[in-house]
Amino acid sequence: MAREQQVEIAAEMVANVVSVDVEPGAEVAAGDTVVLLESMKMEIPVLTEHAGRVSAVKVEAGDVVQEGDALVVLTVRPTS
Amino acid sequence: MTQTAAPATPTSSRPGDRKPPREQDPRHPGRRLAALLDEGTLVPLTEDDGSGMLAATGRVDGTPVVAFCSDPTVMGGAMGEVGCRVVVHAYERALADGVPIIGLWHSGGARLAEGVLSLHAVGEIFRAMTQASGRIPQVSVVLGPAAGGAAYGPALTDVVVLGPEGRIFVTGPDVVRSVTGEDVDMLRLGGPEPHGRRSGVVHLVADSEQEALDHARAVAVLLGAQGSLEVDAVADRDLGALLPESPRRAYDVHPLVEAVLDEGTAVELHARWAPNIVTSLGRFGGRTVGVIANNPLRLGGCLDSLSAEKASRFVRMCDAFGVPLVVLVDVPGYLPGVGQEWDGVVRRGAKLLHAFGEAVVPRVTLVTRKTYGGAYIAMNSRSLGATKVFAWPGAEVAVMGAVAAVRILHRRKLADVAPEVRHRVEAELAAEHERISGGVEKAVEIGVVDEIVAPDRTRSALARAIADAGQVPRGQHGNIPL
């Protein structure tokens with residue numbers, strides 16, 4: 001049986017966290033928005049590439065994140 | 001550039017061998033070339049003589065091409081003097097015919113047993129590729145390990161496709177382990193993840209060998225049989241509906257790119273590498289064009305070091321092959337920061353200025369929402385010689401956003417006003433600033449935007465602008481793998 005994997009979704013750039021759109025335990029589908037960031041005077045939704053279950057939320061609204069900082073951790077079940 | 005010791009003579013099937021004859025091996029180059037080319041069109045250019053390479057002429061979707069394939073059934077596909085000569089011969093033929101060339105790779109690199117002679121021969125392939133660069137489209141498909149010389153072969157070509165078993169690296173896991181002690185497998189060294197996302201070595205990643213060959217066919221046809229633009233065939237669509245209502249909201253630009261192009265024709269190159277800029281080939285009114293678009297969903301659509309480099313290579317490739325460019329601009333500026341500066345954003349950003357400044361193909365710009373600062377210039381501005389610059393109503397063309405500008409221009413004044421009214425004063429100053437210096441009408445007035453076009457009239461306007469440019473010239477330069 002394929003093993004579950006922990007996948008970290010990280011900030012691509014320095015940004016303010018506007019909102020966190022998921023809670024621990026939530027199921028997400030690929031393409032869902034997990035966090036809304038604000039940077040370069042724009043609101044930038046962070047989407048998940050993978051479907052999975054949210055195992056941890058690392059930030060809250062108002063936080064400033066640096067490039068590479070973890071936002072959300074997902075438990076992903078491989079499809080194969 | 002080496003492989004582990006192997007017999008110096010080619011092996012071929014003999015009666016009594018337990019292994020099936022190599023002709024039945026699914027990796028046999030004859031089979032792979034047949035799977036690449038239109039059925040029944042393969043004409044061998046060389047004998048299947050165990051040299052490690054096979055070359056042929058044939059067609060893809062009716063378009064004539066030359067193709068060659070390394071032979072992993074002989075010494076792991078290692079490249080010797082004779083095999084390398086096959087590739088050089090294939091290049092001579094493709095250049096003489098003026099047709100695309102497609103290379104299929106599955107090779108451990110130069111033949112160790114032949115010593116420096118094999119290195120010399122591999123170097124001659126590199127020279128042939130470089131001499132052909134920008135003159136005929138070159139597509140590579142990596143179907144198995146491609147090490148050393150077999151890695152740099154594809155890397156010198158215009159478009160590199162990676163199959164699911166494709167692994168590209170200069171030195172394999174054994175050498176890495178013995179030299180540095182680092183324990184790493186081929187997948188992590190040179191598989192789809194590192195090359196599709198991190199290195200930019202690979203333009204297209206495929207889930208199956210056939211899909212990889214199909215990608216190569218599609219690119220060869222797009223570049224080799226570009227068709228002609230039928231302006232009347234370009235129907236207008238409401239492209240504005242593909243953007244969010246709030247100008248502050250980021251969005252994925254892919255639906256816009258796909259809607260500008262003829263339906264279902266977009267082939268995105270480097271999709272996962274530097275994703276803040278999108279570079280796609282496709283058809284527009286039946287003709288091949290290249291589309292470059294900022295993607296606000298990634299890094300806010302900022303230009304940065306890698307995206308500038310990615311776009312420059314794409315611009316130069318399209319220019320060399322006479323492919324008109326459509327540039328979709330929604331850019332907040334260059335990504336600021338020490339990381340970018342140390343990563344050579346000045347040097348790499350200069351490549352994009354150079355690429356556009358040099359390009360002779362029709363290149364039409366559309367500003368959808370905003371274009372600011374240095375990135376304004378870089379995204380095929382009027383100043384760099386754009387054929388035509390369109391903007392949607394309400395687009396901002398400025399050095400920076402109005403609020404940011406007044407915060408700098410009126411820093412003292414804003415510091416003096418009471419905090420509770422600062423926001424209102426700032427907004428008033430911004431409106432005044434925009435009236436004087438920004439706004440798309442101002443840009444039209446000074447001639448840096450040619451025409452304001454409605455989103456639902458944009459496709460036909462772009463088509464007319466490309467058609468009005470007339471015969472499409474080709475840039476007289478190679479396509480160095482920037």
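Note that this is a predicted model, so its numbers are computed, not measured. First the proteins, then the strands, lettered A, B, ... as listed; each starts at 1.
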Is there side-chain contact between [X] and [Y], with at least one heavy-atom pair below 4.5 Å?
X        : Y        : answer
B:Arg198 : B:Trp273 : no
B:Leu366 : B:Thr368 : yes
B:Thr371 : B:Thr365 : no

Specify the closest pair of heavy atoms between [X] and [Y], including all atoms of both residues, with the distance to one decimal.
X        : Y        : answer
B:Tyr334 : B:Ala308 : OH-CB, 4.5 Å
A:Glu27  : A:Arg77  : OE1-NH2, 3.5 Å
B:Val403 : B:Ala430 : CG2-CB, 4.0 Å

Decide side chain to side chain donor-acceptor pair (under 3.5 Å) for B:His410 and B:Glu426; before the verdict, give the C-alpha distance in whole Å, the side-chain angles of both, and the deciding distance to 0.1 Å.
CA-CA 9 Å; B:His410 301 284; B:Glu426 206 172 75; over 6 Å; no

Side chains of B:Asp304 and B:Asn276: any donor to acceptor distance under 3.5 Å?
yes

Looking only at heavy atoms, which of residues 28-44 of chain A get nearer than 4.5 Å to chain B?
A:Leu36, A:Glu38, A:Met40, A:Lys41, A:Met42, A:Glu43, A:Ile44

Chain B contact residues among residues 46-76 of chain A, heavy-atom distance under 4.5 Å:
A:Leu47, A:Glu49

In Å and rounded to the nearest 0.5 Å, what is the CD1 to SG distance from B:Ile277 to B:Cys302?
11.0 Å

Segment of B:Pro336 engaging chain A (4.5 angstrom heavy-atom cut-off)
side chain

Using a 3.5 Å distance criterion without hydrogens, assess whether the side chain of B:Asn295 forms a donor-acceptor pair with backbone atoms of B:Arg298.
no

